[in-house]
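This report concerns only the one structure given below.
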Amino acid sequence: LNKGSADAIKLFIGQIPRNLEEKDLKPIFEQFGKIYELTVIKDKYTGMHKGCAFLTYCARESALKAQTALHEQKTLPGMNRPIQVKPADSEGRGEDRKLFVGMLGKQQEDDDVRKMFEPFGRIDECTVLRAPDGTSKGCAFVKFQSHAEAQAAINSLHGSRTLPGASSSLVVKFADTEKERGLRRMQQVASQLAVFSPMTLNLGAYNAYTQALVQQQTLVAQSAYLSPIATVAAVQMQQMAALNGNGIIATPITPITPITPSSATPVPALPPPVGISGYSPVPAAANGQPASETIYTNGIHPYQAQSSAGVLDPLQQAYAGMQHYTGPEGCNIFIYHLPQEFTDSELLQMFLPFGNVISAKVFVDRATNQSKCFGFVSFDNPTSAQTAIQAMNGFQIGMKRLKVQLKRPKDANRPY
DNA sequence: TGTAATT
(Lines give C-alpha, C1' and ligand atoms only; values in the text may rest on other atoms or scores of the structure.)
Protein backbone atom coordinates (compact mmCIF):
# COMPACT_ATOMS: atom_id res chain seq x y z
CA LEU A 1 0.00 0.00 0.00
CA ASN A 2 1.51 3.31 -1.03
CA LYS A 3 -1.29 5.67 -0.29
CA GLY A 4 -2.84 7.17 2.81
CA SER A 5 -5.92 5.24 3.79
CA ALA A 6 -9.27 6.99 3.92
CA ASP A 7 -9.18 7.21 7.69
CA ALA A 8 -5.62 8.53 7.83
CA ILE A 9 -4.95 11.33 10.27
CA LYS A 10 -3.00 14.39 9.26
CA LEU A 11 -0.71 15.30 12.13
CA PHE A 12 0.63 18.67 13.12
CA ILE A 13 4.22 18.51 14.32
CA GLY A 14 5.37 21.40 16.49
CA GLN A 15 8.59 22.43 18.20
CA ILE A 16 10.97 21.36 15.50
CA PRO A 17 14.25 23.24 15.05
CA ARG A 18 14.15 25.55 12.06
CA ASN A 19 17.22 24.02 10.52
CA LEU A 20 15.56 20.63 10.11
CA GLU A 21 14.05 19.93 6.72
CA GLU A 22 11.89 17.07 5.50
CA LYS A 23 14.89 14.81 4.93
CA ASP A 24 16.06 15.37 8.50
CA LEU A 25 12.64 14.75 9.99
CA LYS A 26 11.87 11.67 7.96
CA PRO A 27 14.08 9.28 9.98
CA ILE A 28 12.53 10.47 13.23
CA PHE A 29 8.99 9.67 12.15
CA GLU A 30 9.60 6.67 9.90
CA GLN A 31 10.17 4.46 12.89
CA PHE A 32 6.41 4.48 13.54
CA GLY A 33 5.35 3.52 10.04
CA LYS A 34 5.44 4.35 6.39
CA ILE A 35 5.07 8.05 5.71
CA TYR A 36 2.59 9.18 3.08
CA GLU A 37 3.41 12.87 3.21
CA LEU A 38 5.68 15.07 5.31
CA THR A 39 5.82 18.82 4.75
CA VAL A 40 7.67 21.45 6.70
CA ILE A 41 5.46 24.52 7.04
CA LYS A 42 7.01 27.59 5.50
CA ASP A 43 5.94 31.18 5.19
CA LYS A 44 4.02 31.70 1.99
CA TYR A 45 5.97 34.82 1.03
CA THR A 46 9.38 34.58 2.65
CA GLY A 47 9.74 30.82 2.52
CA MET A 48 10.89 30.93 6.11
CA HIS A 49 10.73 27.69 8.09
CA LYS A 50 8.03 28.12 10.72
CA GLY A 51 9.27 25.49 13.12
CA CYS A 52 6.46 23.05 12.47
CA ALA A 53 5.29 20.50 9.92
CA PHE A 54 2.42 18.37 8.69
CA LEU A 55 2.73 14.62 8.63
CA THR A 56 0.43 11.96 7.24
CA TYR A 57 1.19 8.29 7.62
CA CYS A 58 -0.11 5.70 5.22
CA ALA A 59 -1.80 3.99 8.15
CA ARG A 60 -3.87 5.61 10.84
CA GLU A 61 -2.28 3.27 13.37
CA SER A 62 1.16 4.79 12.73
CA ALA A 63 -0.11 8.25 13.53
CA LEU A 64 -1.48 7.06 16.85
CA LYS A 65 1.79 5.32 17.67
CA ALA A 66 3.84 8.40 16.81
CA GLN A 67 1.58 10.62 18.88
CA THR A 68 1.83 8.35 21.89
CA ALA A 69 5.59 7.97 21.65
CA LEU A 70 6.53 11.56 20.84
CA HIS A 71 3.92 14.13 21.85
CA GLU A 72 5.35 16.06 24.79
CA GLN A 73 7.77 13.18 25.31
CA LYS A 74 10.96 14.27 23.55
CA THR A 75 12.71 17.58 23.03
CA LEU A 76 14.57 18.13 19.79
CA PRO A 77 18.02 19.74 19.97
CA GLY A 78 17.92 23.48 20.49
CA MET A 79 14.27 23.55 21.49
CA ASN A 80 13.17 24.34 24.98
CA ARG A 81 9.76 22.76 24.71
CA PRO A 82 8.93 19.17 23.91
CA ILE A 83 7.86 18.16 20.44
CA GLN A 84 4.14 18.37 19.62
CA VAL A 85 2.42 15.62 17.69
CA LYS A 86 -1.33 15.95 17.33
CA PRO A 87 -4.06 15.99 14.71
CA ALA A 88 -3.84 19.12 12.56
CA ASP A 89 -6.51 21.77 12.93
CA SER A 90 -7.72 20.85 9.47
CA GLU A 91 -8.71 17.44 10.81
CA GLY A 92 -12.00 18.82 12.02
CA ARG A 93 -10.92 19.04 15.61
CA GLY A 94 -14.20 20.71 16.30
CA GLU A 95 -14.55 24.28 15.16
CA ASP A 96 -16.47 23.49 12.00
CA ARG A 97 -19.15 21.54 13.85
CA LYS A 98 -19.43 23.70 16.91
CA LEU A 99 -22.20 26.26 17.24
CA PHE A 100 -22.55 29.37 19.28
CA VAL A 101 -26.09 29.87 20.51
CA GLY A 102 -27.09 33.34 21.66
CA MET A 103 -30.24 34.96 23.04
CA LEU A 104 -31.20 32.10 25.30
CA GLY A 105 -33.35 32.74 28.33
CA LYS A 106 -31.39 33.03 31.58
CA GLN A 107 -33.24 30.11 33.10
CA GLN A 108 -32.45 27.60 30.35
CA GLU A 109 -30.29 24.69 31.36
CA ASP A 110 -27.92 22.52 29.33
CA ASP A 111 -30.70 19.95 28.90
CA ASP A 112 -33.19 22.50 27.58
CA VAL A 113 -30.71 23.57 24.94
CA ARG A 114 -29.85 19.99 24.11
CA LYS A 115 -33.52 19.14 23.51
CA MET A 116 -33.81 22.08 21.15
CA PHE A 117 -30.85 20.88 19.03
CA GLU A 118 -31.33 17.11 19.22
CA PRO A 119 -33.57 16.89 16.16
CA PHE A 120 -30.66 17.92 13.92
CA GLY A 121 -28.08 15.32 14.79
CA ARG A 122 -25.92 13.69 17.41
CA ILE A 123 -24.63 16.14 19.98
CA ASP A 124 -21.11 15.70 21.39
CA GLU A 125 -21.17 18.63 23.72
CA CYS A 126 -23.74 21.10 24.99
CA THR A 127 -22.87 23.74 27.55
CA VAL A 128 -24.58 26.90 28.70
CA LEU A 129 -21.99 29.58 29.48
CA ARG A 130 -22.16 30.81 33.03
CA ALA A 131 -20.66 33.60 35.11
CA PRO A 132 -18.51 32.56 38.09
CA ASP A 133 -21.58 32.90 40.32
CA GLY A 134 -23.39 30.28 38.23
CA THR A 135 -25.89 32.55 36.51
CA SER A 136 -26.40 31.89 32.81
CA LYS A 137 -24.84 34.27 30.33
CA GLY A 138 -27.73 33.59 27.99
CA CYS A 139 -25.60 31.71 25.48
CA ALA A 140 -24.22 28.24 24.89
CA PHE A 141 -21.91 26.08 22.78
CA VAL A 142 -23.36 23.06 21.01
CA LYS A 143 -21.05 20.64 19.20
CA PHE A 144 -22.49 18.19 16.69
CA GLN A 145 -20.73 15.18 15.25
CA SER A 146 -20.64 16.67 11.80
CA HIS A 147 -20.57 20.00 10.04
CA ALA A 148 -23.73 19.10 8.12
CA GLU A 149 -25.74 18.52 11.28
CA ALA A 150 -24.57 21.84 12.66
CA GLN A 151 -25.51 23.57 9.43
CA ALA A 152 -28.98 22.00 9.54
CA ALA A 153 -29.51 23.35 13.05
CA ILE A 154 -28.52 26.85 11.91
CA ASN A 155 -30.90 26.69 8.97
CA SER A 156 -33.85 25.74 11.12
CA LEU A 157 -33.23 27.55 14.37
CA HIS A 158 -31.42 30.81 13.73
CA GLY A 159 -33.86 33.69 14.21
CA SER A 160 -36.74 31.23 14.39
CA ARG A 161 -38.15 32.34 17.75
CA THR A 162 -37.66 34.64 20.68
CA LEU A 163 -37.19 32.85 23.97
CA PRO A 164 -38.82 34.12 27.15
CA GLY A 165 -36.49 36.57 28.87
CA ALA A 166 -34.38 37.21 25.73
CA SER A 167 -34.25 40.65 24.13
CA SER A 168 -34.27 39.42 20.55
CA SER A 169 -34.60 36.30 18.44
CA LEU A 170 -32.46 33.20 18.87
CA VAL A 171 -28.93 33.36 17.44
CA VAL A 172 -27.40 30.17 16.06
CA LYS A 173 -24.06 30.43 14.25
CA PHE A 174 -20.77 28.60 13.93
CA ALA A 175 -18.53 29.31 16.90
CA ASP A 176 -15.51 31.50 16.36
CA THR A 177 -12.36 29.66 15.43
CA GLU A 178 -9.20 30.05 17.45
CA LYS A 179 -7.95 32.52 14.88
CA GLU A 180 -11.07 34.65 14.98
CA ARG A 181 -10.84 34.79 18.75
CA GLY A 182 -7.21 35.91 18.52
CA LEU A 183 -8.10 38.57 16.00
CA ARG A 184 -10.88 39.81 18.24
CA ARG A 185 -8.52 40.06 21.20
CA MET A 186 -6.04 42.05 19.15
CA GLN A 187 -8.71 44.40 17.95
CA GLN A 188 -9.78 45.01 21.51
CA VAL A 189 -6.24 45.83 22.57
CA ALA A 190 -5.78 48.11 19.57
CA SER A 191 -8.94 50.03 20.29
CA GLN A 192 -7.87 50.54 23.88
CA LEU A 193 -4.48 51.86 22.83
CA ALA A 194 -6.07 54.18 20.30
CA VAL A 195 -7.70 56.08 23.16
CA PHE A 196 -4.30 57.60 23.83
CA SER A 197 -3.68 59.37 20.58
CA PRO A 198 -0.20 60.80 20.16
CA MET A 199 -1.70 64.31 20.26
CA THR A 200 -2.82 63.88 23.83
CA LEU A 201 0.76 63.35 24.93
CA ASN A 202 2.87 66.43 25.27
CA LEU A 203 5.81 64.66 23.78
CA GLY A 204 8.28 67.52 23.70
CA ALA A 205 7.90 68.29 27.36
CA TYR A 206 7.96 64.65 28.20
CA ASN A 207 11.25 64.11 26.45
CA ALA A 208 12.93 67.03 28.14
CA TYR A 209 11.74 65.76 31.48
CA THR A 210 12.88 62.28 30.68
CA GLN A 211 16.34 63.34 29.64
CA ALA A 212 16.83 65.42 32.75
CA LEU A 213 15.93 62.45 34.85
CA VAL A 214 18.18 60.15 32.90
CA GLN A 215 21.14 62.42 33.43
CA GLN A 216 20.49 62.73 37.09
CA GLN A 217 20.09 59.01 37.56
CA THR A 218 23.19 58.25 35.57
CA LEU A 219 25.27 60.66 37.65
CA VAL A 220 24.01 59.06 40.82
CA ALA A 221 24.96 55.69 39.46
CA GLN A 222 28.42 56.80 38.40
CA SER A 223 29.33 58.53 41.62
CA ALA A 224 28.10 55.91 43.99
CA TYR A 225 28.82 52.26 44.05
CA LEU A 226 29.33 51.06 40.54
CA SER A 227 32.42 49.41 39.25
CA PRO A 228 34.27 51.12 36.39
CA ILE A 229 32.87 48.69 33.89
CA ALA A 230 29.31 49.46 34.95
CA THR A 231 30.10 53.13 34.55
CA VAL A 232 30.88 52.42 30.93
CA ALA A 233 27.45 50.87 30.62
CA ALA A 234 25.90 53.83 32.41
CA VAL A 235 27.48 56.28 30.01
CA GLN A 236 26.31 54.22 27.10
CA MET A 237 22.81 54.21 28.44
CA GLN A 238 22.92 57.95 28.88
CA GLN A 239 24.02 58.35 25.30
CA MET A 240 21.35 56.03 24.07
CA ALA A 241 18.71 57.86 26.01
CA ALA A 242 19.83 61.26 24.81
CA LEU A 243 20.11 60.21 21.21
CA ASN A 244 17.19 58.03 20.57
CA GLY A 245 14.63 60.29 22.19
CA ASN A 246 12.87 57.33 23.61
CA GLY A 247 14.05 57.89 27.12
CA ILE A 248 14.97 55.04 29.38
CA ILE A 249 12.56 55.97 32.10
CA ALA A 250 9.58 53.72 31.95
CA THR A 251 6.66 55.53 30.37
CA PRO A 252 3.08 55.18 31.55
CA ILE A 253 2.00 54.22 28.07
CA THR A 254 3.66 53.67 24.74
CA PRO A 255 2.06 55.54 21.88
CA ILE A 256 1.11 53.45 18.87
CA THR A 257 3.45 55.48 16.68
CA PRO A 258 6.89 55.45 18.26
CA ILE A 259 8.48 58.86 18.63
CA THR A 260 11.63 57.56 16.99
CA PRO A 261 12.23 54.00 15.97
CA SER A 262 14.98 53.38 18.46
CA SER A 263 16.53 50.53 16.59
CA ALA A 264 17.06 52.72 13.56
CA THR A 265 18.87 55.43 15.48
CA PRO A 266 22.63 55.40 15.06
CA VAL A 267 24.52 55.83 18.28
CA PRO A 268 27.87 57.57 17.82
CA ALA A 269 30.72 56.95 20.23
CA LEU A 270 29.55 53.40 20.73
CA PRO A 271 30.86 50.28 19.10
CA PRO A 272 29.54 50.01 15.55
CA PRO A 273 26.13 48.38 15.20
CA VAL A 274 26.86 44.95 16.49
CA GLY A 275 25.18 41.85 15.32
CA ILE A 276 24.86 38.91 17.53
CA SER A 277 28.39 37.69 17.95
CA GLY A 278 29.79 34.24 18.36
CA TYR A 279 28.39 30.96 17.19
CA SER A 280 28.81 31.61 13.55
CA PRO A 281 27.70 28.59 11.58
CA VAL A 282 30.43 25.99 11.66
CA PRO A 283 30.67 22.73 9.75
CA ALA A 284 29.82 19.65 11.75
CA ALA A 285 33.28 18.50 12.67
CA ALA A 286 35.13 21.81 12.78
CA ASN A 287 38.00 22.09 15.24
CA GLY A 288 38.05 18.37 15.57
CA GLN A 289 34.97 18.58 17.72
CA PRO A 290 32.35 16.02 16.90
CA ALA A 291 28.85 17.46 16.70
CA SER A 292 27.64 15.17 19.44
CA GLU A 293 29.87 16.91 21.96
CA THR A 294 28.42 20.23 20.98
CA ILE A 295 25.00 18.95 21.85
CA TYR A 296 25.91 17.76 25.29
CA THR A 297 28.24 20.54 26.37
CA ASN A 298 25.65 23.05 25.36
CA GLY A 299 23.29 21.78 28.00
CA ILE A 300 20.48 21.19 25.56
CA HIS A 301 18.69 17.90 25.61
CA PRO A 302 19.33 16.05 22.41
CA TYR A 303 16.79 13.91 20.76
CA GLN A 304 17.69 10.36 21.67
CA ALA A 305 16.88 7.67 19.23
CA GLN A 306 15.64 4.60 21.01
CA SER A 307 17.21 1.98 18.85
CA SER A 308 18.08 2.86 15.31
CA ALA A 309 21.57 4.24 15.00
CA GLY A 310 20.65 6.01 11.80
CA VAL A 311 18.38 8.51 13.53
CA LEU A 312 20.76 10.62 15.56
CA ASP A 313 23.31 11.28 12.86
CA PRO A 314 21.38 13.50 10.49
CA LEU A 315 20.14 15.44 13.46
CA GLN A 316 23.61 15.95 14.84
CA GLN A 317 24.80 17.20 11.51
CA ALA A 318 21.93 19.59 11.16
CA TYR A 319 22.37 20.77 14.71
CA ALA A 320 26.03 21.62 14.27
CA GLY A 321 25.15 24.21 11.68
CA MET A 322 22.46 26.01 13.58
CA GLN A 323 22.86 29.17 15.54
CA HIS A 324 22.36 28.82 19.23
CA TYR A 325 19.89 30.85 21.09
CA THR A 326 21.31 30.27 24.52
CA GLY A 327 24.84 30.00 25.81
CA PRO A 328 26.14 27.18 27.97
CA GLU A 329 24.83 26.77 31.50
CA GLY A 330 25.94 29.66 33.72
CA CYS A 331 26.39 32.01 30.76
CA ASN A 332 22.80 33.15 30.45
CA ILE A 333 21.42 35.93 32.57
CA PHE A 334 17.90 37.07 33.28
CA ILE A 335 17.23 40.79 33.54
CA TYR A 336 14.04 42.11 35.12
CA HIS A 337 12.64 45.65 35.47
CA LEU A 338 13.85 46.81 32.10
CA PRO A 339 12.35 50.08 30.90
CA GLN A 340 9.21 49.43 28.90
CA GLU A 341 10.73 50.76 25.68
CA PHE A 342 13.98 48.82 25.81
CA THR A 343 14.54 46.74 22.69
CA ASP A 344 16.86 43.83 21.93
CA SER A 345 19.51 46.14 20.56
CA GLU A 346 19.47 48.36 23.62
CA LEU A 347 19.72 45.36 25.87
CA LEU A 348 22.66 44.19 23.78
CA GLN A 349 24.36 47.59 24.07
CA MET A 350 23.88 47.60 27.81
CA PHE A 351 25.67 44.30 28.29
CA LEU A 352 28.33 44.47 25.59
CA PRO A 353 30.94 45.91 27.99
CA PHE A 354 30.94 42.68 29.97
CA GLY A 355 31.92 40.21 27.29
CA ASN A 356 30.97 38.48 24.06
CA VAL A 357 27.21 38.58 23.80
CA ILE A 358 25.74 35.58 21.99
CA SER A 359 22.24 36.92 22.12
CA ALA A 360 20.14 39.60 23.77
CA LYS A 361 16.40 39.20 23.85
CA VAL A 362 13.67 41.33 25.37
CA PHE A 363 10.56 39.29 26.04
CA VAL A 364 7.62 40.68 24.12
CA ASP A 365 3.96 39.93 24.58
CA ARG A 366 2.92 38.50 21.26
CA ALA A 367 -0.65 39.71 21.52
CA THR A 368 0.20 43.36 22.22
CA ASN A 369 3.77 43.62 20.94
CA GLN A 370 4.65 45.29 24.24
CA SER A 371 7.80 44.49 26.16
CA LYS A 372 7.21 42.48 29.29
CA CYS A 373 10.11 44.39 30.85
CA PHE A 374 12.37 41.42 31.19
CA GLY A 375 14.87 39.79 28.94
CA PHE A 376 17.84 37.50 28.51
CA VAL A 377 21.44 38.03 27.64
CA SER A 378 23.75 35.15 26.83
CA PHE A 379 27.51 35.33 27.00
CA ASP A 380 30.01 32.83 25.69
CA ASN A 381 31.53 32.26 29.12
CA PRO A 382 30.37 32.21 32.76
CA THR A 383 32.84 34.86 33.93
CA SER A 384 31.32 37.51 31.70
CA ALA A 385 27.90 36.56 33.00
CA GLN A 386 29.08 36.90 36.61
CA THR A 387 30.73 40.23 35.89
CA ALA A 388 27.54 41.52 34.32
CA ILE A 389 25.49 40.37 37.29
CA GLN A 390 27.87 41.99 39.78
CA ALA A 391 27.90 45.26 37.90
CA MET A 392 24.31 45.59 36.81
CA ASN A 393 22.17 43.95 39.49
CA GLY A 394 20.46 46.76 41.36
CA PHE A 395 21.32 49.31 38.67
CA GLN A 396 18.80 52.09 39.04
CA ILE A 397 16.78 53.24 36.07
CA GLY A 398 14.04 55.73 36.79
CA MET A 399 12.13 54.52 39.80
CA LYS A 400 13.21 50.93 39.39
CA ARG A 401 16.33 48.89 39.88
CA LEU A 402 17.37 46.16 37.50
CA LYS A 403 17.25 42.65 38.81
CA VAL A 404 20.06 40.72 37.15
CA GLN A 405 20.53 37.03 37.89
CA LEU A 406 21.57 33.83 36.26
CA LYS A 407 18.79 32.51 34.06
CA ARG A 408 16.87 29.83 35.86
CA PRO A 409 17.95 26.49 34.43
CA LYS A 410 15.17 24.73 32.60
CA ASP A 411 15.19 21.64 34.77
CA ALA A 412 15.62 23.07 38.26
CA ASN A 413 12.87 25.00 39.99
CA ARG A 414 14.98 26.48 42.72
CA PRO A 415 14.18 30.11 43.35
CA TYR A 416 17.02 32.60 43.62
C1' DT B 1 12.88 33.04 33.06
C1' DG B 2 14.05 32.59 25.58
C1' DT B 3 11.91 31.70 17.70
C1' DA B 4 3.68 28.13 20.64
C1' DA B 5 4.13 27.42 15.06
C1' DT B 6 -1.88 25.04 11.42
C1' DT B 7 -0.23 24.23 4.16
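Values reported hereafter were calculated over all heavy atoms of this structure, with side chains retained and with hydrogens, waters and symmetry mates removed. Below, read A as the first sequence line, B as the second, and so on, with proteins coming before strands; counting in each chain starts at 1.
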In whole angstrom, give the distance that lies between atom CZ of A:Phe374 and atom P of B:dG2.
7 Å
How long is the line joining NZ of A:Lys42 and P of B:dT3, in whole Å?
22 Å
Does A:Lys50 place a side-chain N or O at less than 4.0 Å from the phosphate oxygens OP1/OP2 of B:dT6?
yes
Any side-chain donor near an acceptor of the partner, A:Thr343 and A:Glu346, under 3.5 Å:
yes
So what does A:Lys403 hit on the nucleic acid, given a heavy-atom distance under 4.0 Å: a base, only sugar-phosphate, or nothing?
nothing
When you get a sec, tell me which of B:dT3, B:dT1, B:dG2 is the closest nucleotide to the side chain of A:Ser359?
B:dG2
Please pick, from B:dT1, B:dT6, B:dT3, the nucleotide with the shortest atom-to-atom distance to any side-chain atom of A:Arg18.
B:dT3
Could you state the atom-to-atom distance from CD1 of A:Ile16 to P of B:dT6 in whole Å?
12 Å
Interatomic distance, A:Asp344 CG vs B:dT3 P [rounded to whole Å]:
11 Å
A:Asn393 CG to B:dT1 C1', in whole Å, measures 15 Å
What is the distance, rounded to the nearest whole Å, between atom CD of A:Glu329 and atom P of B:dT1?
17 Å
Proximal nucleotide (of B:dT6, B:dT1, B:dG2) relative to the A:Phe363 side chain
B:dG2
I'd like to know whether A:Lys42 forms a salt bridge (charged side-chain N to carboxylate O under 4.0 Å, His left out) with A:Glu21, so could you lay out the CA-CA distance, the side-chain angles of the two residues, the decisive distance to 0.1 Å, and finally the verdict.
CA-CA 10 Å; A:Lys42 301 198 163 154; A:Glu21 301 296 339; 3.2 Å; yes
Centroid separation under 6.0 Å, is that true for the rings of A:Phe334 and A:Phe376?
yes
A:Asp124 and A:Lys98 ion-paired at < 4.0 Å:
no
Nearest to the A:Asn332 side chain among B:dT1, B:dG2, B:dT6, which nucleotide is it?
B:dG2
Quick one: are the ring centres of A:Tyr36 and A:Tyr57 less than 6.0 Å apart?
no
Taken to the nearest whole Å, CD1/A:Ile333 to C1'/B:dT1 is 12 Å
Touch check for A:Phe376, heavy atoms < 4.0 angstrom, all strands: base, sugar-phosphate only, or nothing?
base
Would you kindly give the CZ-to-P distance between A:Phe334 and B:dG2, to the nearest whole Å?
9 Å
